[in-house]
Amino acid sequence: MAGLSLVERLRLLQDPRRRRGVRHPFVAVLLVAASAVVAGARSYTAIGQWSANAPQHALARLGARVAGALSVRVAPSAATIRRVVGLVCPGGLADLTGAAPAGSDSVAIDGKTARGSRRGQTPAAHLLAAMTGDGRTVTQLRVPDKTNEIACFAALLAPFDLTGVTVTADALHTQRAYACFLVEEKKAHYLLVVKANQPELHRRLRSLPWKDVTARRYDREIGHGRRETRATRALTVTDLGLDFPHAAQAVRILRYRTNLKTGVVSRQTVCAITDLTSHQASPQRLGQLARSQWTIENRLHFVRDTTFAEDASKIRTGHGPENMATLRNLAINALRAAGHRNIAAGIRHVSYEPFTRPLDLLGIA
């Protein structure tokens, strides 16, 4: 998919509607929804309003339906947009609109619950996402009800080329089968956090002679009202008999945070395991990889919550929750690719010319 434009990618999706009564082109409806989200739309109603106000030149670029002898472009209604977004295949839409992970240094895996999508006894949609170290969302998958993220890890990454990429994940995904999957099938590397859900492995890591380790790295930074110091230590464990596939190094990160207002100091210890050898990854790089796992919360989930008000969204039916989240991911990717570090500021910039700038960002000719 790397050489295809967004329009060409969306043409690969199957139209889920019945043939009878179809008026608006399938791809045009999706492009309208994507453009409106880039312009700041948060709901079906807002997308419908953007569509209704779109001028003829914008509708022509989007491929909207032509009607009448005068060849007037007709915008899809909010009801049509709601129906299409709720029916389209969520996995295909996420895979085709995401960034290619090939060549990236790392890919972080983490999940988020769209709290507003809960309906009665039906739980809220829980979405598992993958993001590259430079902040580009790769794909997303809805976790089936009555299960958890563990069952979706391999399915999320299976379609992609991960050769040489280091996959990072929290303790929930520290599973032996996934370590084998990444190293043996995907030819990738892993850095997995170890906590009490793997009690024996966690105990072994904590009992290692960390005080004698000479491979260390210290990082200090100030921001967000606090001062943080991170001490990263790495130890080769190849000959220590750890019961974990392909394990080469163990990592321990001590995080000290000082609140600059109150002076309160908090301390956190994080243990992790990786198949990267000491020649492939120094303590400095291991610390950077661990930090890329922590930043998915700030650069993706936090942005969707604060900028797009995802948790307040009442979209609940069909595939609406996950597909709207995918459109938000697409908007974030497009804005970052255009150089906007602050997504809220980027959306404000786009909103000043709402019917040209979103289309330019998405590469719609």
Do you know which of Leu191, Asp110, Val107 makes side chain to side chain contact (heavy atoms under 4.5 Å, CB included) with Gln293?
->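 It is Asp110, the one option of Leu191, Asp110, Val107 that forms the side chain to side chain contact (heavy atoms under 4.5 Å, CB included) with Gln293.
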
Which of these, Thr132, Leu156, Leu162, Leu157, sits in a side chain to side chain contact (heavy atoms under 4.5 Å, CB included) with Val138?
->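 The passing option is Thr132.
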
If you look at every heavy atom in [X] and [Y], which pair is closest and at what distance?
X: Val143; Y: Cys152; result: CA-SG, 3.9 Å
X: Gly86; Y: Tyr44; result: N-OH, 4.3 Å
X: Asn333; Y: Ala99; result: ND2-N, 4.0 Å
X: Ala158; Y: Lys186; result: O-NZ, 2.9 Å
X: Ala33; Y: Ile81; result: CB-CG2, 4.2 Å
X: Pro358; Y: Glu353; result: CD-O, 3.5 Å

Is any side-chain heavy atom of [Y] closer than 4.5 Å to one of [X]?
X: Arg328; Y: Ser313; result: yes
X: Val37; Y: Leu330; result: no
X: Ile332; Y: Arg304; result: yes
X: Asp170; Y: His173; result: yes
X: Val167; Y: His189; result: no
X: Val72; Y: Gln56; result: yes
X: Arg257; Y: Gln268; result: no
X: Ile315; Y: Asn323; result: no

Measure the acute angle between the ring planes of His340 and His349, then classify it against the limits of 30° and 60° as parallel, tilted or perpendicular.
->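 Correct class here is tilted.
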
Angle class for the Phe244/Tyr190 ring planes (parallel below 30°, perpendicular above 60°, tilted otherwise)?
->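 Phe244 and Tyr190: perpendicular rings.
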
Phe302 and Ile343: side chain to side chain contact (heavy atoms under 4.5 Å, CB included), yes or no, with the steps?
-> CA-CA 11 Å; Phe302 180 77; Ile343 301 303; over 6 Å; no

For Val85 and Ile47, run side chain to side chain contact (heavy atoms under 4.5 Å, CB included): C-alpha distance rounded to whole Å, both residues' side-chain angles, the deciding distance at 0.1 Å, then the answer.
-> CA-CA 11 Å; Val85 173; Ile47 295 173; 5.9 Å; no

Short side-chain donor-acceptor distance under 3.5 Å, Thr80 and Ser77 |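 Yes, a side-chain donor-acceptor pair sits under 3.5 Å.
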
For atom [atom1] of [X], decide whether the heavy atoms of other residues, nucleotides or ligands shown that lie under 6.0 angstrom number more than 12.
X: Arg176; atom1: CZ; result: yes
X: Arg227; atom1: CZ; result: no
X: Glu221; atom1: CD; result: yes
X: Arg206; atom1: CZ; result: no

Can any side-chain N or O of [X] pair as donor or acceptor with the backbone N or O of [Y] at less than 3.5 Å?
X: Thr295; Y: Ser292; value: yes
X: Arg42; Y: Thr307; value: yes
X: Ser351; Y: Arg348; value: yes
X: Asp275; Y: His246; value: no
X: Lys187; Y: Glu184; value: yes
X: Arg316; Y: Gly116; value: yes
X: Ser51; Y: Pro76; value: yes
X: Thr147; Y: Pro144; value: no
X: Trp50; Y: Ser35; value: no
X: Gln140; Y: Ala129; value: no

Linking I/L/V/M/F/W/Y whenever their side-chain heavy atoms sit closer than 4.5 Å, directly or via other members, would [X] and [Y] fall into one cluster?
X: Leu93; Y: Phe308; answer: yes
X: Val251; Y: Trp294; answer: yes
X: Trp210; Y: Leu254; answer: no
X: Val270; Y: Leu192; answer: no
X: Val74; Y: Leu59; answer: no

Atom [atom1] in [X], atom [atom2] in [Y]: separation rounded to 0.5 Å?
X: Thr168; Y: Met131; atom1: OG1; atom2: CE; result: 8.5 Å
X: Arg142; Y: Leu127; atom1: CZ; atom2: CG; result: 7.0 Å
X: Ile296; Y: His301; atom1: CD1; atom2: NE2; result: 5.0 Å
X: Arg118; Y: Lys314; atom1: CZ; atom2: NZ; result: 11.0 Å
X: Leu242; Y: Arg204; atom1: CG; atom2: CZ; result: 5.0 Å
X: Leu13; Y: Thr97; atom1: CG; atom2: OG1; result: 8.5 Å

[Y]/[X] salt bridge by N-O under 4.0 Å criterion:
X: Glu8; Y: Arg11; answer: no
X: Asp95; Y: Arg9; answer: no
X: Asp212; Y: Arg233; answer: no
X: Arg285; Y: Asp105; answer: yes
X: Asp305; Y: Lys112; answer: yes

What's the verdict on side chain to side chain contact (heavy atoms under 4.5 Å, CB included) for Gln249 and Ser278, showing C-alpha distance, side-chain angles and the deciding distance?
-> CA-CA 7 Å; Gln249 287 192 93; Ser278 58; 3.9 Å; yes

I would like to know whether Thr277 and Thr238 meet side chain to side chain contact (heavy atoms under 4.5 Å, CB included); could you show each step before the answer?
-> CA-CA 9 Å; Thr277 66; Thr238 307; over 6 Å; no

